[in-house]
Amino acid sequence: MEPTELERVLRETSYTGWRRQEELPRLIVSRAEGCRFYDAQGRSYLDFASQLAATNLGHGNAAVIAAIAEQASKLQYVQPGFGTEVRAELQQELSRVLPAGLVRYFWSTSGTEAVEAALKLARLATGKPKILARTRSYHGSTAGSISVSGDLRRGPLEGLHLVPGTLWAPDCYCYRCPLKLRYPSCAVACAEEVERELAAHDDVAAMIVEPVVGTNGVIPPVAEYLPRIREITRRRGVLLIVDEVMTGWGRTGAWFASELYGILPDILVTAKGITGGYAPLGLTATTEAVFDAFRERYLPLGHTYEGHPLLLAPAIAALREYRRLDLIEKSRLDGAFLLEELRALAARHPSVGEVRGVGLFAAVELVRDRTSREPMNRPDEKLAGKPTVADEVATAMLADGVYVMSWVSHLVLAPPLTVSRAEIGEAMRALDRALELADRAVRPAVTQP
Ligand SMILES: Cc1ncc(COP(=O)(O)O)c(C=O)c1O
């Protein structure tokens, strides 16, 4: 099909998530290789977001592609009640990279489903209905998972398609402290709010956290926060679900961010990088203690494509590629380099309020005023489908050949872990140029008479 015909067919026949339906596809992508993808006209784009923080191994990895082809020629699908070699092999490998104690695995086909399974397992295992979640979080798009998400995307579903029973805790977001305190004199009061909430409710099954908030700002917590949350939840008999859909598989410079912050969750959820985005796979991993609750009980959970061989085979290959290419350590080192580059760039642009990150996972937060920290845009503007300044910056970068993600008032940078320093430099130059747009939206300083 010609590019214009392609665009017409897609426009007239698609639903596309998280946007106004009249919007056109931003690009029509034909192929991808390494850290680059190409549009229908053959124009090249540097993928500085791993699409949606998924293609951690870059595009076109030969080992992962071969694993899919080999599995396809041997066994494509069997129902999940049958065992398979590929499942046994992957589960054996997994126990070597996941945080210690996560030894039981439930398979699904997305991060959302993996979260949904975690919530169901936690509620069934404890017999308690409530979940404590945080106000800046995204855990998925189905009724259960979006009900524990503090993301603006839950807004249109209020009163229509949400599951009751979510309690809220503040985030560990020092740049905009929800408690209006300052670290370290705050003594990590945001974690103490969890203690208060759990003391007030004895029907909480689990607390769910993104160890580093992803879409809603790439916010690494202070070092004491997650260990304190772990201590509180353990003491109060509340399960801790760690959502590592984005932060897993080297994104933060460790196999999993749980490891980075020294915590052992009861349930860990992951997807995206587990196959490097080559196949849609979700994993819910639990401790033996959680599994014990089901040993002699019927498990009301399952999917036709649970443990699908064509999804598991690329996960084995991906895991070996992360190891062979030493990508976890590379993410840590190149992440530090990226952050330094971003700091240098922030110094030149008044629209940048803060840059932060860990591993190859970073955010550039845009403000109208550095002193008051007034955000560049509001969540309701994003929901109304109006391009935010961050969207305009990302659009300018795309026109300049570099793809990054944008949200309400920040950009998310999450290149494949295989990215080169030269490619990081290329992205920084495009960002430098595009930030001039944001600088123009900064409020002029008021001069004193
Ligand atoms: C932290 C987190 N949890 C869950 C999800 C949902 O995953 P999926 O889009 O694969 O359903 C996402 C997606 O971006 C995510 O970032």
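Every number for a ligand or one of its atoms is a count from 1 in the order of the listing.
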task = Please say whether T112 places an N or O atom under 3.5 Å from an N or O atom belonging to ligand 1.
result = yes

message = Give me the residue, atom name and distance of the protein heavy atom closest to atom 14 (O) of ligand 1.
response = K272 NZ, 3.0 Å

Distance-only donor-acceptor check, side chains W107 and Q91, under 3.5 Å = yes

query = Between E210 and ligand 1, does any nitrogen or oxygen pair lie at a separation below 3.5 Å?
reply = no

request  = For E113 and ligand 1, answer yes if some heavy atom of the residue is under 4.0 Å from a ligand atom, otherwise no.
outcome  = no

ask   = Have Y45 and D39 got a donor and an acceptor in their side chains that come within less than 3.5 Å?
value = yes

message = Between R228 and E231, does the salt bridge (Lys or Arg N to Asp or Glu O under 4.0 Å) criterion hold? Intermediate values first, please.
response = CA-CA 5 Å; R228 180 83 181 117; E231 188 275 311; 2.3 Å; yes

message = Tell me whether ligand 1 is touched by L52 - counting only heavy atoms on the residue side and a distance under 4.0 Å.
response = no

message = If we count only N and O atoms by modelled type, under 3.5 Å, do the side chains of E365 and S409 hold a donor and an acceptor together?
response = no

request  = Return a yes/no value for G111: is any of its N or O atoms, backbone included, closer than 3.5 angstrom to an N or O of ligand 1?
outcome  = yes

request  = Classify the side-chain pair S50/R251 by whether it contains a donor and acceptor separated by less than 3.5 Å.
outcome  = yes

ask   = Just checking, any donor-acceptor pair under 3.5 angstrom between side chains of Y183 and E224?
value = yes

query = For atom 3 (N) of ligand 1, what's the nearest protein heavy atom and its distance?
reply = D243 OD2, 2.6 Å

